[in-house]
Amino acid sequence: MSKKVFIKTYGCQMNVYDSKRMADVLKPHGYEQSESAEDADLVILNTCHIREKAAEKVYSEIGRLRAEKETRATEGKNMYIAVAGCVAQAEGPEMMKRAPAIDMVLGPQTYHRLPDMLKSAEEQRTGGRLSARVLDTEFPVDTKFDYLPTDESAFEGTAAFLTIQEGCDKFCTFCVVPYTRGAEYSRPVKDIVDEARRLVARGVVEITLLGQNVNAFHGDDSNGGSATLGGLIAELDKIDGLGRIRYTTSHPRDMDQELVDAHRDIASCMPYLHLPVQSGSDRILDAMNRKHTRDEYFAIIDRLRAARPDLALSSDFIVGFPGETDQDFEDTLDLVRRVKYAQAYSFKYSPRPGTPASVSQEQVPEDVKSERLARLQALLNEHQLEFNEGSVGKEMDVLLERQGKRAGQLLGRSPYLQSVHVNVANADNALDATGDKPYTDYMGKLVRVRIVEAGPHSLKGELVRALN
Ligand code: 5AD
Ligand code: SF4
């Protein structure tokens with residue numbers, strides 16, 4: 001009899017990827033994915049530890065699930081609750097103690113052992129013992145990727161993520177990743193290329209290569225050496241049908257020349273780069289242990305723009321890092337004005353237990369953080385709108401991913417990750433402009449689009465012609 005698993009994903013794209021892999025791992029064991037916890041036999045919370053109060057959110061979710069679990073128990077049925085991801089990694093034993101409703105805690109490196117964990121939890125539960133709880137958050141020497149199934153049969157879509165690298169050795173003083181995801185590890189080139197081929201065979205046109213520090217990639221190549229990210233992109237570019245390659249998240253220090261050149265030489269390498277700077281003040285960059293100055297960051301951007309003049313940039317910012325003065329914050333605004341990001345994410349600093357910055361005596365008051373965040377976001381939004389407005393009148397390639405709200409309209413992404421609503425058809429009969437093809441035939445395709453309108457978060461365009 002088939003069982004159901006509901007996976008709730010918090011946080012980054014890496015977790016989205018991991019949730020898919022957990023579903024793949026469970027499928028041969030009879031688990032179908034469910035849209036809600038209500039009819040699920042197993043609920044997995046795939047957690048994120050970056051944001052403030054992450055653990056508290058997980059506990060309140062578990063509180064809600066516990067009620068459901070107790071109701072089921074009165075009917076003689078089980079519902080298993082598993083906590084996965086970075087909160088599990090960071091606070092596993094404490095979670096087990098605090099929330100008895102949790103059956104399993106698994107860290108990001110142990111997903112492939114999920115079926116075994118589930119089996120031992122099930123066996124012991126049915127044996128009538130209620131202490132059948134499993135904690136598995138170690139960092140195995142062998143890699144989880146070797147054990148994950150290769151059949152992504154559940155996959156549907158045009159744009160996919162592919163994890164190529166995990167962990168981080170940078171130890172920025174605000175960040176939990178080196179503790180929750182462990183040391184930097186790169187997958188072998190062959191495994192990545194094989195996975196990419198399988199995705200393309202299923203209709204994927206765009207792949208985003210994922211890693212916490214993706215451009216530190218140094219996976220084994222087939223000649224006994226190791227490849228850089230630029231080298232890997234060149235390999236992936238050879239795959240017929242793979243139209244677009246992206247990668248995220250990069251560290252400025254690892255932006256080597258081979259990768260810069262890939263933006264110049266490889267057409268499928270998209271002219272868009274998420275390159276977090278966090279702060280525009282040298283003093284704060286140093287306190288953050290970012291390992292680069294603002295001038296070095298500008299120099300990297302100059303090199304990138306020389307290689308690819310139409311490159312658009314995105315970044316992450318933290319305001320109110322311990323010790324940040326008004327002048328430091330002004331330096332951040334100044335950096336933003338100089339770079340002019342197409343898009344950006346900005347956060348108030350939040351102390352993460354176990355990180356060096358969390359014990360600094362120079363914490364910035366909450367109201368100062370809020371005021372700085374509002375000013376920074378106003379500036380970033382202004383630039384984002386300017387960037388979008390600059391697209392009006394231009395033609396660009398759009399990868400159509402899903403249906404829009406209106407008939408005859410499809411929704412896709414520009415090379416710069418802007419959402420584009422594309423009018424493919426005349427809305428009355430929902431056929432394409434030539435009048436004889438259902439407009440949905442364009443789904444999953446790259447098309448040439450003329451941009452006619454821009455807003456802060458999306459563009460509107462008209463179909464010019466199909467490309468593939
Ligand atoms: N406080 C605020 N923002 C943080 N980030 C990471 N750790 C913290 C923290 N302690 C932000 C950084 C990072 C993004 C993924 O999350 O900007 O680039
Ligand atoms: Fe965290 Fe990124 Fe710094 Fe690594 S480089 S410690 S993942 S912020």
Side-chain angles (χ1 to χ4, degrees), residues 10-17 47-57 85-87 89-91 108 163-186 208-218 229 247-255 273-281 284-292 296-297 300 313-324 329 332 335-336 341 343-360 362-366 368-370 372-373 376-377 380:
Y10 301 79
C12 66
Q13 289 140 338
M14 202 85 140
N15 273 8
V16 175
Y17 179 91
T47 61
C48 166
H49 204 250
I50 291 271
R51 303 277 174 269
E52 206 174 9
K53 304 202 183 81
E56 291 312 313
K57 279 186 202 139
C86 296
V87 176
Q89 184 68 45
E91 302 181 19
T163 294
I164 65 165
Q165 179 279 333
E166 276 201 54
C168 182
D169 297 335
K170 293 283 189 297
F171 289 92
C172 300
T173 55
F174 53 81
C175 183
V176 287
V177 167
Y179 311 99
T180 55
R181 293 272 174 169
E184 205 269 307
Y185 164 81
S186 296
T208 302
L209 307 172
L210 295 180
Q212 267 94 19
N213 192 174
V214 75
N215 59 343
F217 176 83
H218 59 273
L229 182 56
Y247 57 94
T248 196
T249 293
S250 297
H251 190 285
R253 266 291 285 263
D254 296 314
M255 213 63 225
L273 176 60
H274 183 60
L275 193 64
V277 67
Q278 314 294 358
S279 166
S281 152
I284 297 298
L285 287 171
D286 188 48
M288 287 175 164
N289 190 31
R290 288 291 290 176
K291 306 176 202 292
H292 64 81
E296 282 163 354
Y297 185 79
I300 294 160
L313 286 145
S314 137
S315 179
D316 293 338
F317 293 92
I318 296 177
V319 300
F321 184 81
E324 186 186 72
F329 177 64
T332 298
L335 177 141
V336 169
Y341 293 95
Q343 213 210 324
Y345 305 89
S346 44
F347 315 99
K348 288 192 258 188
Y349 171 72
S350 92
R352 308 309 308 146
T355 58
S358 67
V359 293
S360 163
E362 299 178 277
Q363 301 296 330
V364 173
E366 207 47 39
V368 176
K369 286 190 209 173
S370 301
R372 287 180 188 166
L373 185 67
L376 174 62
Q377 290 187 337
L380 291 167

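What you see is a predicted model, and the numbers here were worked out from it, not measured in a lab. Remember, it's 1-based here, ligands and their atoms both numbered in the order they're listed.
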* Could you please give the number of protein N/O/S atoms within less than 2.8 Å of atom 1 (Fe) of ligand 2? => 1

* To do: Give a yes or no answer on whether the side chain of Ser186 reaches the backbone of His218 with a donor-acceptor pair at less than 3.5 Å.
  => yes

* To do: Take Arg290 and Cys172, measure what side chain to side chain contact (heavy atoms under 4.5 Å, CB included) needs, and give me the verdict at the end.
  => CA-CA 6 Å; Arg290 288 291 290 176; Cys172 300; 3.4 Å; yes

* Are any side-chain N or O atoms of Gln165 and backbone N or O atoms of Asn213, one a donor and one an acceptor, separated by less than 3.5 Å? -> yes

* Does any N or O in the side chain of Thr47 come within less than 3.5 Å of the main-chain N or O of Val87, such that one atom is a donor and the other an acceptor? -> yes

* List by chain and number: which residues place a heavy atom under 4.0 Å from ligand 1? -> Ile50, Arg51, Phe174, Gln278, Asp316, Ile318, Phe347, Lys348, Tyr349, Ser350, Arg352

* **Donor-acceptor under 3.5 Å (Asn289 side chain, Thr173 main chain)** => no

* Test item, Arg181 contacting ligand 2 (heavy atom, 4.0 angstrom) -> no

* Under the salt bridge (charged side-chain N to carboxylate O under 4.0 Å, His left out) rule, collect the residues that match up with Lys348, sequence neighbours excluded. => Glu366

* To do: Would you indicate whether the side-chain heavy atoms of Glu324 and Lys369 approach each other to under 4.5 Å?
  => no

* Structure fact -> Residue set satisfying salt bridge (charged side-chain N to carboxylate O under 4.0 Å, His left out) with Glu91, at least two apart, ordered chain then number -> none

* Structure fact -> In ligand 2, the atoms that come under 4.0 Å of a heavy atom of His251 are 5 (S)

* Asked: Among Phe174, Phe329, Tyr345, Tyr341, which one satisfies ring-ring contact (aromatic ring centres under 6.0 Å, His included) with Phe317?
  -> Tyr341

* Given the rule in the side chain to side chain contact (heavy atoms under 4.5 Å, CB included) test, do Val364 and Phe321 qualify, once you have shown the distances and angles that lead to the verdict? -> CA-CA 7 Å; Val364 173; Phe321 184 81; over 6 Å; no

